[in-house]
Structure formats: C-alpha cells, structure tokens
Amino acid sequence: MAHQKIQSSHVSSSCGFNPIKANAGALTNFEVLDFLRSRGASTDPTRVIAAVAPSEFQVYDYLLHSSACNQTRENVNDFLCKCEKFDLAKAEKLNIINIRPSSEVEIDPIVEQCENRMGAEEVQELVKIIVEVFPPLTKPGDIDEDKTIQDQETMEAED
C-alpha cells in the first residue's frame with residue numbers, strides 16, 4: 001500500500017488481536033479494508049480527493065464484495081477466542097477469517113492435515129462457530145434490489 005505503513009493488530013495465537021505494531025505480519029482482509037476506509041476510500045466517490053492510490057481503490061472494491069465487508073473487530077476477536085480449543089495455526093485462523101467457510105468441506109483445504117488433527121465433530125463445531133460469529137456475505141446491491149422490488153409491488157398493488 002502506497003508508502004504508508006499499515007499498523008497491524010494481526011491475528012495471534014492468544015485470544016484476540018495483538019496490540020498494534022507496524023509491519024507485524026499478515027493482515028486479515030478486514031484489517032486491510034478498515035485501513036483503506038481510514039484513508040478515505042469509502043468517502044471519496046470521485047476517487048481523486050482521498051490519499052488512496054488507484055490500485056488501493058481496486059483492492060477496496062474487491063474487499064467490499066468479500067466476507068470482510070460485514071466483519072467487525074468484535075467478530076474477529078470473538079472467533080479467535082472461540083477457536084482456541086482447536087489449536088489452529090495463525091495462517092489457518094487468518095484464512096478462516098478471510099474466507100469464512102460455511103461447510104465442513106470448505107474447512108479441509110484450510111486446516112493442514114485436517115482429518116488427522118480434527119474429528120468430524122470438531123470440524124462441525126468449528127463450522128458452527130464460524131457461521132454464528134461471522135455474518136453471511138451480502139452483496140451491496142442485494143438489499144437495494146429486494147427493497148426496490150418490494151416498493152414496485154407495493155406501488156402496483158395500490159394502483
């Protein structure tokens with residue numbers, strides 16, 4: 001990201017984020033999205049006023065259509081606390097946060113040697129935690145389209 005160091009409160013093995021450190025390691029998509037918002041990416045519809053490079057706007061646009069757009073710091077901390085018992089590596093936690101798997105099948109490629117480290121019940125429990133903690137992905141247009149359709153139906157019914 002353009003010449004500014006991202007202050008990371010990266011995923012750790014302890015419950016929650018670590019204190020903020022410059023260049024502390026890999027970032028979650030949520031942290032990158034949060035950083036871009038703090039630089040004005042979300043408030044500049046013209047994309048010329050904010051101190052955000054064109055490539056950063058592309059990253060911002062991509063992340064708006066990912067699970068990161070619905071996440072909060074509280075969601076991430078809650079997940080990190082609840083997943084401690086699974087003894088997941090930092091990279092596995094990071095990938096789960098970024099990908100938000102919602103089925104057992106999606107866990108297997110994320111957790112190394114999943115079948116050896118976790119039983120079927122543990123995988124189901126992990127998926128249940130993920131689905132409960134992280135909100136499902138909703139596309140920004142979905143809500144507006146549904147509302148528009150309902151408004152049109154209401155107007156037609158009134159005529």
Side-chain angles (χ1 to χ4, degrees), residues 1-2 4-43 52-53 55-150:
M1 311 244 127
Q4 181 177 351
K5 290 183 181 180
I6 295 178
Q7 297 279 315
S8 172
S9 53
H10 73 296
V11 175
S12 71
S13 57
S14 64
C15 189
F17 282 95
N18 277 343
I20 294 177
K21 300 175 187 173
N23 298 325
L27 300 171
T28 64
N29 289 346
F30 164 75
E31 288 175 299
V32 174
L33 184 60
D34 190 46
F35 172 74
L36 291 173
R37 284 179 176 150
S38 74
R39 295 203 38 215
S42 63
T43 60
V52 180
S55 61
E56 292 172 327
F57 273 117
Q58 289 178 340
V59 171
Y60 175 78
D61 291 341
Y62 170 78
L63 292 176
L64 282 181
H65 293 79
S66 74
S67 60
C69 72
N70 295 328
Q71 292 176 350
T72 64
R73 192 162 306 282
E74 293 77 25
N75 293 139
V76 174
N77 286 336
D78 191 22
F79 170 73
L80 292 173
C81 287
K82 290 181 177 182
C83 79
E84 278 299 308
K85 62 183 164 188
F86 299 108
D87 196 32
L88 298 170
K90 289 179 185 181
E92 293 167 339
K93 292 175 191 176
L94 182 85
N95 283 324
I96 289 171
I97 292 167
N98 287 344
I99 297 169
R100 194 206 175 268
S102 57
S103 68
E104 290 92 15
V105 164
E106 295 172 289
I107 296 292
D108 190 58
I110 296 172
V111 178
E112 187 175 342
Q113 298 180 355
C114 184
E115 54 280 339
N116 295 337
R117 291 173 49 201
M118 302 172 79
E121 301 81 28
E122 287 179 305
V123 172
Q124 288 173 351
E125 185 180 357
L126 179 58
V127 169
K128 183 179 175 190
I129 290 169
I130 295 165
V131 170
E132 287 175 358
V133 171
F134 295 118
L137 176 62
T138 55
K139 296 178 184 170
D142 288 350
I143 296 168
D144 294 336
E145 289 173 18
D146 291 341
K147 186 175 182 335
T148 303
I149 291 169
Q150 288 174 352

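Residue indices begin at 1 and follow the sequence shown. Below, all heavy atoms of this structure are taken into account, side chains as well, without hydrogens, waters or symmetry copies.
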Within the side chain of [X], is there an N or O that forms a donor-acceptor pair under 3.5 Å with the backbone of [Y]?
| X | Y | result |
| --- | --- | --- |
| T28 | N98 | no |
| E84 | C81 | no |
| R117 | V111 | no |
| N75 | Q71 | no |
| R100 | P135 | yes |
| D108 | C114 | no |

Could you tell me the separation between the [atom1] atom of [X] and the [atom2] atom of [Y], rounded to the nearest 0.5 Å?
| X | Y | atom1 | atom2 | answer |
| --- | --- | --- | --- | --- |
| L88 | M118 | CG | CE | 6.0 Å |
| F79 | I130 | CZ | CD1 | 5.0 Å |
| C69 | Y60 | SG | OH | 9.5 Å |
| N70 | L33 | CG | CG | 10.0 Å |
| I110 | I99 | CD1 | CD1 | 4.0 Å |
| C83 | L126 | SG | CG | 7.0 Å |

If you compare all heavy atoms of F134 against all heavy atoms of I97, which two are closest, and at what distance to 0.1 Å?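 Smallest interatomic distance, heavy atoms only, reads CZ-CG1, 3.9 Å.
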For R37, side chain to side chain donor-acceptor pair (under 3.5 Å) partners two or more places apart: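 Testing R37 for side chain to side chain donor-acceptor pair (under 3.5 Å), a comparison that skips the adjacent residues, returns none.
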Partners meeting side chain to side chain donor-acceptor pair (under 3.5 Å) with S103 (sequence neighbours left out):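 Here the qualifying residues are E106.
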Are [X] and [Y] within salt-bridge range, i.e. N to O under 4.0 Å?
| X | Y | result |
| --- | --- | --- |
| K85 | E125 | yes |
| K128 | E121 | no |
| E56 | R39 | yes |

Is any side-chain heavy atom of L27 closer than 4.5 Å to a side-chain heavy atom of F35? no
Pair E92-F86, side-chain contact (heavy atoms from CB on, under 4.5 Å): steps then yes or no: CA-CA 11 Å; E92 293 167 339; F86 299 108; over 6 Å; no
